[in-house]
Amino acid sequence: EVQLVESGGGLVHTGGSLNLSCAASGLFVGDYGVGWFRQAPGKEREGIICISSSPRNSYYVDSVKGRFTISSDSAKNTVNLQMTSLKPEDTAVYYCAADNWPCHGSFWTAKNMDYWGKGTLVTVSS
């Protein structure tokens, strides 16, 4: 059984930083496109960032470029999201996801994902 378990969400002030982690079991992160979506209240789930090892590729939605960094750790089988310079508009539930295809911005959409975590809430106060 595949499981993706997120951790690290919480409350942070504007300009602050937060690190999210996604622990995978039942799959190897190196074999999948893995990354993060987020869903703010009343909005659709948005694919914001992904990474793959073979071929090596990454994707960042414009709104997080320069502020968020994704990495994967094969030894721990985790996917990590470093978030800096956080803004109130970053407030959302953040979901870890895995796709049976390499990371590619055009295909990093909710309908294409094979596996999901349950999400972790990130709240950025102004």
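Residue indices begin at 1 and follow the sequence shown.
Rounded to the nearest 0.5 Å, atoms OG (Ser25) and CD (Gln3) are 4.5 Å apart. Considering CG of Leu121 and OH of Tyr94, their distance stands at 9.5 Å, rounded to 0.5 Å. In this structure, Asn100 CG and Asn112 CG are separated by 11.5 Å, a value rounded to the nearest 0.5 Å. For the atom pair CZ (Arg38) and CD1 (Ile49), the distance works out to 10.0 Å, reported to the nearest 0.5 Å. Atoms CG and CG, from Leu18 and Leu81 in turn, are 9.0 Å apart once rounded to the nearest 0.5 Å. Atom CG of Asn80 sits about 8.5 Å away from atom SG of Cys22, to the nearest 0.5 Å.
In terms of heavy atoms, Ser125 sits closest to Leu11 at CB-CD1, 4.2 Å. For the residue pair Ile70 and Gly35, the shortest heavy atom distance occurs at CD1-CA, 3.7 Å. Closest non-hydrogen pair, Ala98 versus Val34, comes out as CB-CG1, 4.0 Å.
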Exercise. Might you work through the ring-ring contact (aromatic ring centres under 6.0 Å, His included) test for Phe37 and Trp108, ending with a clear yes or no?
Key: CA-CA 9 Å; Phe37 286 69; Trp108 195 247; 5.3 Å; yes
Quiz item: Step by step, would you call Trp36 with Phe68 a ring-ring contact (aromatic ring centres under 6.0 Å, His included)?
Solution: CA-CA 11 Å; Trp36 298 85; Phe68 290 12; 10.0 Å; no
Quiz item: Does the salt bridge (charged side-chain N to carboxylate O under 4.0 Å, His left out) test come out yes or no for Lys87 and Asp90, once each step is laid out?
Solution: CA-CA 5 Å; Lys87 306 173 183 180; Asp90 294 317; over 6 Å; no
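With a 4.5 Å cut-off on side-chain heavy atoms, Tyr115 and Cys96 do not count as touching.
Inspection of the Ser52 and Asn57 side chains reveals no N or O donor paired with an N or O acceptor under 3.5 Å.
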